[in-house]
Amino acid sequence: MEEKYFAEAIEEKWQKIWAEKGTFHAEINDSKPKFYALEMLPYPSGNLHMGHVRNYSIGDALAWYKRLKGFNVMHPIGWDSFGQPAEQAAIKRGVNPRDWTESNIAHMNGQLQRLGLSYDWRRQMFAHRPDYYKFDQWFFLKMYEMGLAYKKATQVNWCDTCQTTLSNEQASGGICWRCGNPTTKKEIEQWFLRITQYADQLLDDMAEIEAGWAEKVLKRQRDWIGRSTGAFVEFKVQHSDEKIRVFTTRIDTIYGANCIVVAAEHPFIEANSDKLSSEVLAKIAEIKAEKAKATDHEAEVEKDGIDTGFKAINPFSGEEIPIWVANYVLIEYGTGAVMSVPAHDERDFEFAKKYDLPIRQVISEPHMEHAHHTMQVLALEQAFSDYGVLVHSDYWNGKTSEVAKKEMTEWAEKHRFGEAATTYRLRDWGISRQRFWGAPIPIVYCEKCGTVPVKYENLPVELPQDMITEGTGTSPLDNDKDFVNTTCPNCGEPAKRETDTMDTFVDSCWYYFRYIDNQNSEMPFDPKIAEYWTPVDQYIGGDDHAVMHLIYTRFWSKVMRDIGLVKFNEPVKRLLTQGMVIGETFFDEIPNPDDADGKGKRVYFPPNQVSVKRDEKGRIISAENAEGKQLKSAIERMSKSKGNGVDPDEMVEIYGADAARMFVLFAAPAENELVWKEEGVEGTKRFLQRVWRFVWRWKSVISGQWSTSMVHEFSAEAKKLRRKTHQTIQRIQDNFESLQFNTPVAALMELSNAIHEFKVEPETANESDIYAIREAVESLVLMLAPFAPHTAEELYSQLVGNENGILANGGQFPEFSAELAKEDEIEIPVQINGKLRSKVLASPEADNKTLETLALADSKVKEYTDGKEIVKVIVVPKRLVNIVVKG
RNA sequence: GCCGACGUGGUCUAACGGGCAAAGCCACUGGUCUUAGAAACCAGUUAUUGCGAGUUCGAAUCUCGCCGUCGGUACCA
């Protein structure tokens, strides 16, 4: 140990020792409880960014804590290494995507190693390697057999920038998840996975994980799945055999229907286009054209429509109502047709107002007298969409919405024009991608036998070594005749391979099951091994994948359960969603005449080209660029274009991995945004140096073996230090259990401060002082390991006198003694009428009576109570006394 | 527009399911040391907990309204 703290030297040293000793290797061990700590795997873009550092620092802290708590910890990492950037790099720079990917992985692997993360590196998986994607294909074949994978031609989301199709999840809001450009629709044949078959399970099994998942993530999944229960009702078309089927959740409002509204793409329109007037046809064309346009998602689209001239019959009332076509009815949802009930639906209300259609109230607030109903209708200025009591509904009058819904649905069923129904917003998962860099879909097309799955023994269907052409909207693999031409697995005749590859979200569905058995060449993993290690105990990552990765992987697990690979419903018990890393940005705002709101276009300047003036409190008062132009500042997500990114390598070089990691954990709660502040890292580095110097100064006195039985008498100061030590242990343990990583760092700093305040010199310290110091320092060092493992290891080696490492030495998270943590005497605030007036000293065990007596006897209290009537005295044990007086 | 979360010193943040508002890092001020600076050490400044009301003996904490910030979402019948 050197007197000065050289981060780089000790970090290299311990990383070498860990690697040599296999310190973090995880093997099945039935004598210990297991803990599976998992972080979202990175895409090998070439460089680690601070978001990764944050994600992995959190996971590593937890993994260390659990190890110190006696758990057998699985903590792996791998690579989400299929995907578009590799392909784009290949096109742009003429490199092989495989080489590009492998070299990025090698580089990022080095960056991760340099951070000293406690992974079992042997367990890595690489999505782009055949030994992994073989099992993507294996799963595909299983799903094909189960009827969960099927092909159909349909309108799919298309991103013109990325030149590929996207799943609904990836094109949420009409925006490509990858490039942010608007998507269009394209008719294309593609493979789907029947995730909708699991829609109910995906919703209902949420009950199992509610306790461990952020509510906002579950809510987004719930909304995405969008289950709604109601009924289908058929409306006969007047003078025709045709029927229009609508979906409604409010069959109880059917007497208020003023028309049927269908989407422009509805089959009824297409079937009857010859009977429609040119005016109607023009309007339909207009609506379709509007829809095809890239929409501005801020703006609300005005309702637009036209009466088709057709009539429909309300099956309940027999009333004849017009059939309209309008832009606000979506062909994708329900049946593409609705019954319009303006009195009880906001959208229908708006539509009826615009076209002056009748608005008839059929639901009344429960407490309304019958006589008032008519008035209410006249006064209706907005839709009443709550449940209530039926009015103007013949036989059903007086029934509540709840009852009417049930009975009217039954009545419709009985008379064969309707039935109870549940619809979902969730669609099947389209997984075909017209890209090269993904897992080939293991299907062969034979002229004689049709669509034939590849045989299991012939997996993997390997990608060609070289990429043939760039993406042009068709699959690059089409151009590789050696790949395309094959023989039929069934009849042996010449046949052609499927040339689309799988969505890369398939890879990340099950990667964490591969870690536990990554050498298996027969199966994705051995179910017996999975039984020990899975489900995942704690998953950590960003919440941007809430409706993509996190919903797909839940679906995949349920399929794996149905195959018999696992026995549980939910693969992840607890999910922690960490916030973004953000930084200060400086920009000049150039007015944009096109924007009515006056929002200008921002031109960013990197912080190192900006001179900032701050006032004496540290607030920014001015910022100017090299030319002396005044700039505005903000705090925004780190990105290259904004110039506010921080290079992890640079941070590690300057401050060391320990200080950088510790700062990331300390600066904010894990779920919050984290503002990167260089000065903050210096602070954590200073803290580590303080601890280091202290151990250096004391090591000759406190190192080596020590016995707990020697000492009995402690000075008041030593007792105080011991109390702080044990209180800190308790606090940090509680913090870890509730996934707080910022507060334990503060607690460690407090303990360190307490050690410094213990004014004893090593040369003159007596046995009990040394004991108290040793206890405090050893606890501090052990609890430091999750945050600054290299520093903790080095300091620990000084305490125990060997370099085997904390875990090999049996180092454990210290146990606290409630007895020692307890205060001898506590200050009890005394309030008079709720205002703090005095404080009294009492033992923590003092009962209410004692506290009351002490408080009333206090001289300052007497000043306030003398001559006044004491109304009552409230005593909160260990907390306070409040005396209520009058007069 | 709708839904949700959050507003605590200059800043980031603590404070268990009402009970002394500040424990920690940073920033700032002064000092010791030093040729000077940095580092280190010591000492210190900084609040009507966004605003307004309610419940309560007592509210940062619970309830309601408003303001603001940030996310999510878009006619899902």
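Everything numeric here is computed off the predicted structure, so don't read it as measured data. Below, chain A is the first sequence line, B the second, and so on; all start at residue 1.
Applying the salt bridge (Lys or Arg N to Asp or Glu O under 4.0 Å) rule to A/Asp428 yields no partners; only residues at least two apart in sequence or on another chain are considered. Residues meeting the side-chain hydrogen bond (donor to acceptor under 3.5 Å, both in side chains) test with A/Ser838, sequence neighbours left out: A/Asp858. The side-chain hydrogen bond (donor to acceptor under 3.5 Å, both in side chains) test applied to A/Lys283 returns A/Asp304, not counting sequence neighbours. Here A/Thr423 pairs with A/Ser228, A/Phe232, A/Phe247, A/Tyr333 under the side-chain contact (heavy atoms from CB on, under 4.5 Å) rule; sequence neighbours left out. Remark: A/Glu210 pairs with A/Arg222 by the salt bridge (Lys or Arg N to Asp or Glu O under 4.0 Å) rule, at least two apart or across chains. By the salt bridge (Lys or Arg N to Asp or Glu O under 4.0 Å) test, A/Lys219 pairs with A/Asp223, sequence neighbours left out. Contacts of A/Glu852 classified as salt bridge (Lys or Arg N to Asp or Glu O under 4.0 Å), with partners at least two apart in sequence or in another chain: none. Annotation: side-chain contact (heavy atoms from CB on, under 4.5 Å) contacts of A/Asp345 (sequence neighbours excluded): A/Arg347, A/Asp348.
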If you restrict it to nitrogen or oxygen atoms, what contacts under 3.5 Å exist between nucleotides 55-59 of chain B and the protein, and what is each distance?
from  : atom 1 : to       : atom 2 : distance (Å)
B/C57 : O2     : A/Asn882 : ND2    : 2.2

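In secondary-structure terms, RNA chain B builds stems of at least 3 consecutive Watson-Crick or G-U pairs, each pair having both distances under 3.5 Å, at B:1-7 with B:67-73, B:28-32 with B:40-44, B:50-54 with B:62-66.
For A/Arg690, the side-chain atoms get nearest to B/C41 when compared with the rest of B/C41, B/A40, B/C76.
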In a table with atom names and distances, give each donor-acceptor pair under 3.5 Å that connects a side chain of residues 659-673 of chain A to protein atoms at least two apart or in another chain.
from     : atom 1 : to       : atom 2 : distance (Å)
A/Arg661 : NH1    : A/Leu115 : O      : 2.9
A/Arg661 : NH1    : A/Gly116 : O      : 3.1
A/Arg661 : NH2    : A/Asp60  : OD2    : 2.6

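Listed in residue order, the members of residues 737-748 of chain A having a heavy atom less than 4.0 Å from RNA chain B are A/Gln740, A/Asn742, A/Thr743, A/Ala746.
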